[in-house]
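First listed ligand is number 1; within each ligand, the first listed atom is number 1.
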Amino acid sequence: MSTIVAIATAQAAAGIGVVRVSGPGALAVGDRVFTSVSGRTLSETGGYHALFGKVHDGGCVLDEAVALVFRAPKSYTGEDVVEISCHGGLYVVRRVLRAVLNAGAVPAEPGEFTKRAFLNGKLDLSEAEAVTALIAASGEEARAATLGALDGALSREIADCRDTLARAAAFFAAWVDYPDDEIPALSDEELQHTLGGVRDRLNALLSRFEAGAAVLGGVDTVLVGRPNVGKSTLLNALSGTDRAIVTDVAGTTRDVLEETVRVGNVTLRLADTAGIRSEPGDEIEKIGVERARERMRRATLVLAVLDAAEPLTEDDRALLARCAGRRCVVVLNKGDLPARVTEAEITTLFADGKTAVVTVSARDGAGMAELKTAIEEAVGTAGFDPSLPLLTTERQRDCVRRALSALDEALDGLAAGITADAVNVCVDDAVEALGALTGEHATDAVLNEVFKNFCVGK
Ligand code: GDP
């Protein structure tokens with residue numbers, strides 16, 4: 001096993017920067033670049049101890065630093081680890097990294113520290129995935145839910161389902177293999193009850209996935225409506241002090257800006273398409289409008305803004321027609337002025353009758369609490385409970401879906417009276433799919449897929 005190194009902190013000027021070394025040669029490599037003031041070497045130092053000294057490279061002193069020693073298996077990776085905390089200047093940290101490379105370590109791949117932690121049994125695959133989700137968390141619910149997953153809430157739920165199924169399968173197999181022994185037959189009802197119980201728990205996990213994804217990853221949202229209905233005012237009212245800095249979306253030109261706004265427990269990624277229409281020149285405006293429409297097609301949530309103080313125009317009706325069948329909240333703005341259009345009038349335009357219509361005054365702040373609730377309901381995050389086990393990736397969802405389809409097959413088979421053997425094959429498939437979720441017998445291909453999304457140094 002090689003000894004790997006990477007910068008573990010952000011690549012930006014900061015008070016402290018950490019260079020992390022892990023592997024069988026971590027202490028020896030560390031001793032080649034670090035000399036403590038006390039004269040004690042890292043190799044002579046016990047785990048969870050720190051030394052103060054100097055980092056050097058080829059006779060040149062690079063910085064003062066603190067070196068922290070972790071001894072295998074009591075470290076993040078389960079290997080010997082040295083963390084060198086130096087001054088957090090961009091150049092200094094990179095120079096320390098180069099010194100450690102010169103001393104014999106090799107650069108870590110993305111997520112390689114966590115991959116080693118997984119391979120050494122420090123965490124399972126679903127917990128490893130929670131690490132990235134926790135780092136990306138942008139709100140309290142996301143932090144709590146991903147920390148719960150890292151702490152094993154999902155792993156325990158999956159292990160419990162899996163063990164229940166494995167016990168049923170083992171009992172079943174014994175009964176099939178040794179029919180002459182006095183093993184009491186498991187009644188179909190008992191089996192149905194056991195399998196059905198696990199199915200309900202897996203379904204509960206699946207049903208929380210979308211809401212969890214919205215809480216963890218945010219929601220692509222568009223704010224649409226005629227000029228002057230109050231979109232910009234609404235955006236300001238929604239964002240309050242949480243409004244993010246406006247950034248250009250990579251890959252698009254100057255005309256679509258994106259900003260994030262925290263609404264209740266979700267982050268909305270809002271494409272600010274409002275400016276597009278005011279672009280001068282027919283051709284450019286046409287392209288702009290087309291881009292806004294494309295963005296609307298892709299969005300998960302549409303916030304359609306209308307002016308309550310004016311009768312509905314043809315443009316408004318066309319916009320509402322495009323919202324039909326979408327996750328949409330219609331915002332009747334300027335509720336402080338005499339109403340020329342009512343919520344009931346809008347609702348009748350939507351065949352499903354389910355689209356939320358909320359009257360607000362973006363200028364005065366009236367109705368904003370109701371709007372936040374309507375948004376949480378539209379994206380399914382209302383009442384989201386971060387303490388419950390949560391699937392954090394598509395890969396995990398896929399494993400649960402596979403387990404469920406095998407369980408459904410087993411239950412259908414039982415109902416149709418197929419042989420015990422055939423039912424057991426399905427239960428085994430379900431057990432296998434749940435094992436895949438937590439990474440049992442994970443292939444290199446699966447591991448590469450999981451860890452490629454990590455940052456270097458994690
Ligand atoms: P946009 O073009 O859709 O982004 O609209 P703006 O946010 O720029 O607002 C257009 C005009 O409507 C401005 O003069 C706002 O002050 C006014 N406005 C926005 N929201 C309200 C509201 O809730 N009530 C009233 N009375 N005026 C509003």
Checklist outcome for this item: atom 4 (O) of ligand 1: of G230, A309, S232, the nearest heavy atom sits on S232
Checklist entry - For C323, what residues pass the side chain to side chain contact (heavy atoms under 4.5 Å, CB included) criterion, not counting sequence neighbours? => result M296, V302, A304, C328, F350
Next on the checklist: Are more than 12 heavy atoms, taken from residues, nucleotides or ligands other than E109, located less than 6.0 Å from that residue's CD atom?
Outcome noted: no
Checklist entry - Within a radius of less than 6.0 Å around NZ of K54, do more than 12 heavy atoms belonging to other residues, nucleotides or ligands occur? => result no
Next on the checklist: Using a 4.0 Å heavy-atom cut-off, which part of N333 comes near ligand 1: side chain, backbone, both, or neither?
Outcome noted: side chain
Item to check | Distance-only donor-acceptor check, side chains D57 and N102, under 3.5 Å | outcome: yes
Item to check | Quiz item: cation-pi between K115 and F454, 6.0 Å / 45° | outcome: no
Item to check | Test item, G225 contacting ligand 1 (heavy atom, 4.0 angstrom) | outcome: no
Checklist entry - Mind checking whether V360 has an N or O less than 3.5 Å away from an N or O of ligand 1? => result no
Checklist entry - Does an N or O from T233, backbone or side chain, lie closer than 3.5 Å to an N or O of ligand 1? => result yes
Item to check | Lys/Arg-Asp/Glu bridge criterion (N-O < 4.0 Å) met for K372, E376 | outcome: no
With heavy-atom distances below 4.0 Å as the criterion, list the atoms of ligand 1 near [X].
X    : value
N228 : 1 (P), 2 (O), 3 (O), 5 (O), 10 (C), 12 (O)
D336 : 22 (C), 23 (O), 24 (N), 25 (C), 26 (N)
L337 : 26 (N)

